[in-house]
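Report on the structure given below.
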There are 4 protein chains.
Amino acid sequence: MSSRADAAAEKRLKILEASIHVFARQGFAAGRISDIADQAGVAHGLVYHYFDSKEAILDELFSERWELLVTMIAQTADEDIPARDKLALVAQFIVDSYHYGPDLMKVIIVEVTRAVNTFGKTHLEEIREAYDLIAEIVRRGQKAGELRDEIAADYAALAFYGATEQVLTGWIFDLMPSQEEDFDRAAAFIVETVCGGLGMPAH
Amino acid sequence: MSSRADAAAEKRLKILEASIHVFARQGFAAGRISDIADQAGVAHGLVYHYFDSKEAILDELFSERWELLVTMIAQTADEDIPARDKLALVAQFIVDSYHYGPDLMKVIIVEVTRAVNTFGKTHLEEIREAYDLIAEIVRRGQKAGELRDEIAADYAALAFYGATEQVLTGWIFDLMPSQEEDFDRAAAFIVETVCGGLGMPAH
Amino acid sequence: MSSRADAAAEKRLKILEASIHVFARQGFAAGRISDIADQAGVAHGLVYHYFDSKEAILDELFSERWELLVTMIAQTADEDIPARDKLALVAQFIVDSYHYGPDLMKVIIVEVTRAVNTFGKTHLEEIREAYDLIAEIVRRGQKAGELRDEIAADYAALAFYGATEQVLTGWIFDLMPSQEEDFDRAAAFIVETVCGGLGMPAH
Amino acid sequence: MSSRADAAAEKRLKILEASIHVFARQGFAAGRISDIADQAGVAHGLVYHYFDSKEAILDELFSERWELLVTMIAQTADEDIPARDKLALVAQFIVDSYHYGPDLMKVIIVEVTRAVNTFGKTHLEEIREAYDLIAEIVRRGQKAGELRDEIAADYAALAFYGATEQVLTGWIFDLMPSQEEDFDRAAAFIVETVCGGLGMPAH
DNA sequence: TATGAATGAGCGTTCATTCAT
DNA sequence: GATGAATGAACGCTCATTCAT
């Protein structure tokens with residue numbers, strides 16, 4: 001009984017994976033449903049059995065992953081560690097997300113996070129939530145006296161997230177080397193760059 | 001004699017301005033040539049009298065503006081002022097660019113700078129040039145002992161540019177307030193955030 | 001099982017037949033895809049399900065038919081009959097082709113065989129093959145002493161084919177009557193005209 | 001006074017010559033008015049000062065030349081020489097026409113004489129006139145006992161003209177060599193081929 | 001579930017022609 | 001006469017989506 005259900009779920013997953021690949025390589029606009037179906041090894045009609053539309057696939061791709069990020073940031077924010085360590089964990093999480101699944105992160109960044117006229121608009125609340133949680137980390141760090149409060153927390157959050165995403169963009173555009181060692185150093189660099197400035201200057 | 005040439009050049013400009021408006025509001029993909037023509041008050045055929053294709057319009061829009069940025073960064077890099085001031089000038093220039101022409105900057109950021117599968121690829125070298133020049137500013141600052149050299153200059157440049165662009169994105173997405181005062185503070189915040197970390201920590 | 005495949009193949013044929021009709025009546029350039037679709041009773045999108053482009057339809061129309069002609073000439077060339085009879089068979093085949101499917105032959109002659117700047121160029125090798133085979137028939141006839149060898153075989157082939165095609169053109173242009181009896185006499189006239197000259201003059 | 005008129009006439013001629021070149025190389029459909037204007041070294045608007053339309057140019061190109069041919073055939077028909085010599089003169093005239101102006105003859109053959117759906121239809125009467133005159137030559141030859149009358153004169157005319165035009169087509173398609181010597185032999189071959197058959201067989 | 005034939009809205013682009021200067 | 005900016009009809013092609021089987 002469940003073998004059929006399993007087989008079905010498997011196909012659904014295959015379509016999702018194929019979509020990641022196709023959207024990463026061709027972009028959402030140029031990626032055809034038939035490309036996805038080919039890549040997944042199914043008839044293109046079947047895609048519509050599992051998803052309502054091409055957009056719905058991207059929606060699911062984004063939301064599923066982004067929720068992980070939001071959850072992770074929320075949990076990290078609540079931990080009892082210095083703000084700087086929290087940001088380091090967030091940066092590392094994002095870098096790792098790219099490291100272990102560059103195509104999906106590419107799709108999320110290129111097709112959603114920055115697509116103000118299309119999907120960004122749809123997922124604005126989810127995106128905002130992540131920014132807000134990062135700002136919350138900053139705010140708590142400021143309240144705890146760990147971070148300077150001259151800088152508005154929301155600007156700081158934007159800067160932190162922007163710096164991180166731009167490093168990923170550097171890899172995506174192949175403007176920056178992306179060897180193992182680069183993934184290892186990246187998060188540290190980002191935090192060092194941003195937090196050095198956010199951290200209280202020693203006298 | 002020149003009245004006809006002037007009138008022609010004027011129409012060309014109108015088309016360019018209409019394109020900025022249309023691409024900013026609808027995005028490049030959804031922005032129709034007929035929308036541009038309507039907005040410019042000309043027949044759609046005229047668009048093809050002045051431009052080879054829809055892509056060529058975006059290309060020109062981007063390149064013309066980006067060249068200004070690159071030139072500005074190059075000149076700034078050569079000035080005899082502290083690295084931190086140089087970065088402040090660059091950030092301010094970008095913020096001002098958005099302030100005085102948000103639609104064009106929106107188009108550049110959303111449709112080119114981050115569009116790895118489409119126009120970003122085409123303009124990669126121009127984009128890289130800007131990053132390289134920023135990295136050069138950082139490198140000179142490090143050599144002069146103004147900036148810490150624990151952080152690789154190219155990462156720092158990426159972080160700086162990313163932070164700046166993300167603030168613009170915040171405005172574009174309407175996630176951040178964009179009153180006069182916000183434009184005034186933004187560049188200072190960005191530099192304060194990023195350079196605090198790059199600057200030598202005081203003992 | 002095959003009912004669906006059959007229905008599909010049937011539609012494909014309908015499109016092909018509609019194309020013959022449309023191209024014959026309006027010409028290739030003026031024949032619209034939508035005309036073909038209308039004529040075939042399908043949506044115009046379906047045409048692109050079966051064919052890559054408007055050109056591809058004409059290509060298939062031509063090649064399929066022309067191959068029959070080439071095969072026929074080749075077989076005839078190898079038969080053990082007088083050269084004059086071979087040419088008579090070829091002329092008759094061409095005349096019959098027109099008789100039983102004037103639209104397709106019209107398309108082939110008007111849009112391909114004589115279209116040096118467009119399709120003729122594409123199908124030059126196929127066209128040349130037919131001429132060469134006719135020349136081969138002449139050459140063998142000359143070698144066998146059946147035909148005079150004062151006339152170069154390739155000129156003779158060209159003249160023979162040209163005379164034949166021109167008769168078809170006369171019908172196409174409605175410059176010549178095309179009743180049943182005319183189809184019956186045509187091939188004989190052509191061969192009589194051309195071969196009288198090629199045949200050894202009696203002393 | 002007439003210098004201005006001369007200059008104007010000169011431009012008109014340049015446009016006509018440019019049209020021959022452009023239509024020969026690109027075909028009528030693909031040959032743009034702007035190509036013609038460029039080639040002639042004038043603004044494309046000027047073309048419409050001298051001609052009503054693109055079609056009108058081709059019309060004039062064809063009619064002017066074709067009239068020469070018709071006049072020549074008519075005169076030849078009336079001469080007091082054997083029918084075979086008349087046909088030889090006609091064939092030679094056509095071959096020479098190509099020899100000394102291949103582009104114009106290419107345009108006439110490819111774009112008019114064989115274009116049943118477009119210009120051929122327009123110039124049908126002119127075309128028919130030429131065929132009729134050739135048929136008249138044959139008819140007189142038959143009446144004079146010089147040519148066999150088993151073959152209907154109109155078929156013979158078509159065959160003769162078709163054979164001749166096909167040789168030109170062979171040159172146009174570059175299927176046949178077109179050196180000086182080939183032009184010298186061609187007409188003789190054609191007449192030898194066709195008239196051998198039309199001429200009374202020797203006993 | 002699964003297939004792929006069928007649909008049709010939608011848009012970029014071309015280019016002959018016009019006409020103000 | 002001459003220019004070339006301006007117009008707009010026209011059409012090939014793409015592809016997301018539907019649905020009969």
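Throughout, protein chains are lettered first and strands after them, A, B, ... in sequence-line order, and every chain is numbered starting at 1. Computed from heavy atoms alone, side chains included, the values below leave out hydrogens, waters and symmetry copies.
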Output every pair passing side chain to side chain donor-acceptor pair (under 3.5 Å) with a member in residues 9-21 of chain B, not counting sequence neighbours, ordered by first then second residue.
B:R12-B:E60, B:H21-B:Q39
Are the side chains of A:I20 and A:K106 in contact, using a 4.5 Å heavy-atom criterion?
no
What base-paired stems does DNA chain F take part in, with at least 3 consecutive Watson-Crick or G-U wobble pairs and both distances under 3.5 Å?
E:2-21 with F:2-21
What residues form a side-chain contact (heavy atoms from CB on, under 4.5 Å) with C:A37, not counting sequence neighbours?
C:V42, C:H44, C:V47
Contact residues, residues 41-65 of chain B to DNA chain E [heavy atom, < 4.0 Å]
B:H44, B:Y48, B:S53, B:K54
Whole angstroms only, please: what is the NZ-C1' distance between A:K14 and E:dT1?
15 Å
Salt bridge (Lys or Arg N to Asp or Glu O under 4.0 Å) filter on B:D35, not counting sequence neighbours, yields B:R32
Does C:F62 have any side-chain contact (heavy atoms from CB on, under 4.5 Å) partners at least two apart in sequence or in another chain, and if so, which?
C:W66, C:I108, C:V112, C:T113, C:H123, C:E126, C:I127
Within residues 26-38 of chain A, find the residues that approach DNA chain F with a heavy atom at under 4.0 Å, and present them sorted by residue number.
A:G31, A:R32, A:I33
Ring pair (Phe, Tyr, Trp, His ring centres under 6.0 Å) partners of D:F23, counting only residues at least two apart:
D:F28
Applying side-chain hydrogen bond (donor to acceptor under 3.5 Å, both in side chains), can you list everything that pairs with A:T122, at least two apart in sequence or on another chain?
none
With A:A56 via side-chain contact (heavy atoms from CB on, under 4.5 Å) - residues at least two apart:
A:D52, A:S53
How many Å lie between NZ on B:K11 and C1' on F:dT7, as a whole number?
10 Å
Whole-Å distance separating the CD1 atom of D:I15 from the C1' atom of F:dT3:
13 Å
Set of salt bridge (Lys or Arg N to Asp or Glu O under 4.0 Å) partners for B:R25, sequence neighbours left out
none
Taking side-chain hydrogen bond (donor to acceptor under 3.5 Å, both in side chains) as the test, write out the residues that go with C:E67, two or more places apart.
none
